[in-house]
Amino acid sequence: MRRLLTAFAVILGASVALGSAAAEPRMALVIGNSAYQTVTELPNPANDAKAVAELLAAAGFEVTTAPDLGQAEMRRAIGDFSARVAEKGADTVALVFYAGHGLQVDGENFLVPVDARITRESDVPLQTVRLADVMNALAAVPSRTRIVILDACRNNPFSEINKVVGRGLAIVDAPSGSIVSYSTAPGSEAEDGEGTNSPYTQALLGVAREPGMPIEQAFKRVRYAVHQATSGRQTPWESSSLTADFVFFPGASAATTPSVTATPAAAAGAAGKPTTGPKGAGTQVALATGRGGQARTIESWRRELQPKSQGEAYEIVVREDSLEAYQAYLQLFSAPPFQTRVREIVERRKLMVAWYTAVTVNTPVSYELFMAQYPGSDLFVTAQRLFGRASGRQIAIAPAVAAPCICAPPQPVVQPTKRRAERTEKPEKRSAKSTRSERRTVVRDDGPPPPPPGPSGPPIAIGVIPIPIGPVIGPRPVRPPYGSSGHPHGPVTGPAGGGMRGGGPVIRQGPMSAPGGIQRGPMGGGGGFRLR
């Protein structure tokens, strides 16, 4: 009878899983890279990929396994998987599991194919697959939930670049509707394990099978299990922007009832609610403010941890994995070895948050600040290189000085003469003068002005003034002919026939028509000043 009940329970669980899979299509791509061609082989990624593929198939996923892929094969597998997800529709759950080597260069993460040949830092982008490309390929197709699980933070096997790249992987942003789980914290290395599976995969296989376990709670439990199994050397981490609930196996779970150690954020996750706050808000910023999308102060963590024993408080802060929780623990408890482990986590996490900020801002000032804060870190050399690159970029995009136009020869600058300056007076000055006198005198710069009009009456003799005046050189302005109707001084006559010649006055010196002076008024006879 007991065997019959057990078999019935298994069949019921399988049918529930299949019903859930029918309700939401589940697609999974599982990659395990073990047979590296230029570095030492990794024994466990192939085992990890096989075990995870079996887990996901039991959870209702349509699984595609892809062991030991080269770069071209990895790119093709990711592209084909994205196309199949798009065919399934917008309600699909898409999951990618990767086990193998991973690197960070210049703040970016790269998954290493088995055929990668890396001898210098510049080879990494050319020989590997960017994690950002994987995330972008998944985000480009409509799907309900995207899950990326990376057991890929093992030690860097490429000794040629060990001194110019940082340890482990860098912080990554999970796009909206996604969750990214690392087998260890950013900037740290994961262990391949001494058994048939890595510590991370071993913990995931045990936790994920619990019915009704929300994925956020599952990863918290995986974190604490791996941390304990490695004596604090490895602490998994995740970035979440989930907007929908997800469990590997449906059913009631003990995790749905918050325990005494659960925080408000953990209780929300245990109740099946996303712990990411507003849709798309994500928990990538929760590195510094605490997971769950809602920041908690150190004081609030102190109040929660103070009545706990050191072991209970330690388990809480490792599961929650927030800086505020760790700092509150350090203030309350000082006994080794937990205090030492927590302090190391805090220091490394602060460094990686500062590095994430520097790379995101990506300016000379941001890299200078990082180098001043962490001069002895493993990322200092990278920060120096990126500082030089950012400085050169700023110089390249600086506004250029406009070159002088050489299409036409420069024109000489003409300084106005005194008379021309008088002619180009400001309008306000001219208007002021015009109010004082209705008559305007036009001053021409083509020779001496004509004699002013004299008073009416008989001519006045004022003496002989010899004025040696030669011919006028240059063009003469055209004036109205002087005559009885135009000249202001009266008609002009002379022996040569009178009038104007050449468009202007010609002043000649000759005998005066009247002794002892210049005759003003009408000119006659053959002497005196004449106008021809």
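Values in this document were obtained by computation on a predicted structure and should not be read as measured data.
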Non-hydrogen side-chain atoms of [X] and [Y] separated by less than 4.5 Å:
{"X": "Val361", "Y": "Thr357", "value": "yes"}
{"X": "Tyr98", "Y": "Pro45", "value": "no"}
{"X": "Phe110", "Y": "Ile118", "value": "no"}
{"X": "Ser198", "Y": "Glu191", "value": "no"}
{"X": "Ile147", "Y": "Ile215", "value": "yes"}
{"X": "Arg75", "Y": "Val129", "value": "yes"}
{"X": "Leu305", "Y": "Ile316", "value": "yes"}
{"X": "Met213", "Y": "Phe248", "value": "no"}

### For Glu238, the option from Arg223, Lys220, Arg319 that meets salt bridge (Lys or Arg N to Asp or Glu O under 4.0 Å)
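When Arg223, Lys220, Arg319 are each tested with Glu238, the salt bridge (Lys or Arg N to Asp or Glu O under 4.0 Å) holds only for Arg223.
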Find the distance between [atom1] ([X]) and [atom2] ([Y]) and round it off to the nearest 0.5 Å.
{"X": "Ile31", "Y": "Leu150", "atom1": "CD1", "atom2": "CG", "value": "10.0 Å"}
{"X": "Tyr374", "Y": "Leu379", "atom1": "OH", "atom2": "CG", "value": "11.0 Å"}
{"X": "Asp68", "Y": "Gln37", "atom1": "CG", "atom2": "CD", "value": "9.0 Å"}
{"X": "Arg130", "Y": "Asn109", "atom1": "CZ", "atom2": "CG", "value": "11.0 Å"}
{"X": "Met74", "Y": "Leu29", "atom1": "CE", "atom2": "CG", "value": "8.5 Å"}
{"X": "Thr196", "Y": "Lys50", "atom1": "OG1", "atom2": "NZ", "value": "10.5 Å"}

Looking only at heavy atoms, which two atoms of [X] and [Y] are closest? And how far apart?
{"X": "Pro186", "Y": "Ala170", "value": "CB-C, 4.3 Å"}
{"X": "Leu56", "Y": "Ala28", "value": "CD1-CB, 3.7 Å"}
{"X": "Ala358", "Y": "Phe370", "value": "CB-CB, 4.1 Å"}
{"X": "Leu330", "Y": "Arg343", "value": "CD2-N, 4.0 Å"}
{"X": "Ile171", "Y": "Tyr182", "value": "C-OH, 4.1 Å"}
{"X": "Gln310", "Y": "Ala335", "value": "NE2-O, 3.1 Å"}

### Query
Taking everything shown except Gln373 itself, do over 12 heavy atoms lie less than 6.0 Å from its CD?
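Result for CD/Gln373: enclosed.
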Any donor-acceptor N/O pair, [X] side chain to [Y] backbone, under 3.5 Å:
{"X": "Ser366", "Y": "Val359", "value": "no"}
{"X": "Ser300", "Y": "Arg296", "value": "no"}
{"X": "Arg26", "Y": "Glu62", "value": "no"}
{"X": "Thr184", "Y": "Ala190", "value": "no"}
{"X": "Ser178", "Y": "Ser241", "value": "no"}
{"X": "Thr145", "Y": "Val93", "value": "no"}
{"X": "Glu73", "Y": "Gly70", "value": "yes"}
{"X": "Gln104", "Y": "Arg167", "value": "yes"}
{"X": "Asp48", "Y": "Ala99", "value": "no"}
{"X": "Asp123", "Y": "Arg120", "value": "yes"}

### Query
What residues form a side chain to side chain contact (heavy atoms under 4.5 Å, CB included) with Thr360, not counting sequence neighbours?
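Thr360 satisfies side chain to side chain contact (heavy atoms under 4.5 Å, CB included) with Tyr356 once adjacent residues are dropped.
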### Task
Decide yes or no on side chain to side chain contact (heavy atoms under 4.5 Å, CB included) for Glu315 and Gln228, but give the supporting numbers first.
CA-CA 10 Å; Glu315 181 177 352; Gln228 288 292 83; over 6 Å; no
### Task
Please report the C-alpha distance between Arg84 and Glu87 in whole Å, then the side-chain angles of each, then the deciding distance to 0.1 Å, and finally whether the salt bridge (Lys or Arg N to Asp or Glu O under 4.0 Å) criterion is met.
CA-CA 5 Å; Arg84 290 196 299 272; Glu87 293 174 357; over 6 Å; no
If you measure only the distance, is there a donor-acceptor pair under 3.5 Å linking the side chains of [X] and [Y]?
{"X": "Tyr36", "Y": "Asp115", "result": "no"}
{"X": "Arg117", "Y": "Gln127", "result": "no"}
{"X": "Thr201", "Y": "Asp151", "result": "yes"}
{"X": "Arg146", "Y": "Ser143", "result": "yes"}

### Query
In this structure, which one of Thr64, Val63, Ile149 forms a side-chain contact (heavy atoms from CB on, under 4.5 Å) with Val30?
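Option passing the side-chain contact (heavy atoms from CB on, under 4.5 Å) with Val30: Val63.
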### Query
Do Arg349 and Asp321 pass the side chain to side chain contact (heavy atoms under 4.5 Å, CB included) test, and can you show the C-alpha distance, the side-chain angles, and the key distance before you say yes or no?
CA-CA 10 Å; Arg349 188 65 55 82; Asp321 194 40; 3.2 Å; yes
### Query
What is the ring orientation for Tyr314 with His227, classed by angle as parallel under 30°, tilted 30 to 60°, or perpendicular over 60°?
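Judged by the thresholds at 30° and 60°, the geometry between Tyr314 and His227 is tilted.
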### Task
Let me see the working for Phe249 and Arg209 under side chain to side chain contact (heavy atoms under 4.5 Å, CB included), right down to the final yes or no.
CA-CA 6 Å; Phe249 293 90; Arg209 289 186 181 274; 4.2 Å; yes
### Query
What's the verdict on salt bridge (Lys or Arg N to Asp or Glu O under 4.0 Å) for Arg233 and Glu189, showing C-alpha distance, side-chain angles and the deciding distance?
CA-CA 8 Å; Arg233 296 187 302 273; Glu189 294 174 351; over 6 Å; no
### Query
Who passes ring-ring contact (aromatic ring centres under 6.0 Å, His included) against Tyr329, sequence neighbours left out?
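Applying ring-ring contact (aromatic ring centres under 6.0 Å, His included) to Tyr329 gives Phe333.
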### Task
Would you check, one step at a time, whether the test salt bridge (Lys or Arg N to Asp or Glu O under 4.0 Å) holds for Arg385 with Glu121?
CA-CA 11 Å; Arg385 181 173 64 251; Glu121 173 264 340; 3.7 Å; yes
#### Entry: Stepwise side chain to side chain contact (heavy atoms under 4.5 Å, CB included) test for Ser391 and Tyr367
CA-CA 10 Å; Ser391 301; Tyr367 294 119; over 6 Å; no
### Task
Please list, chain by chain and in numerical order, all residues satisfying side-chain hydrogen bond (donor to acceptor under 3.5 Å, both in side chains) with Asp91, sequence neighbours excluded.
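Checked Asp91 against side-chain hydrogen bond (donor to acceptor under 3.5 Å, both in side chains); zero matches.
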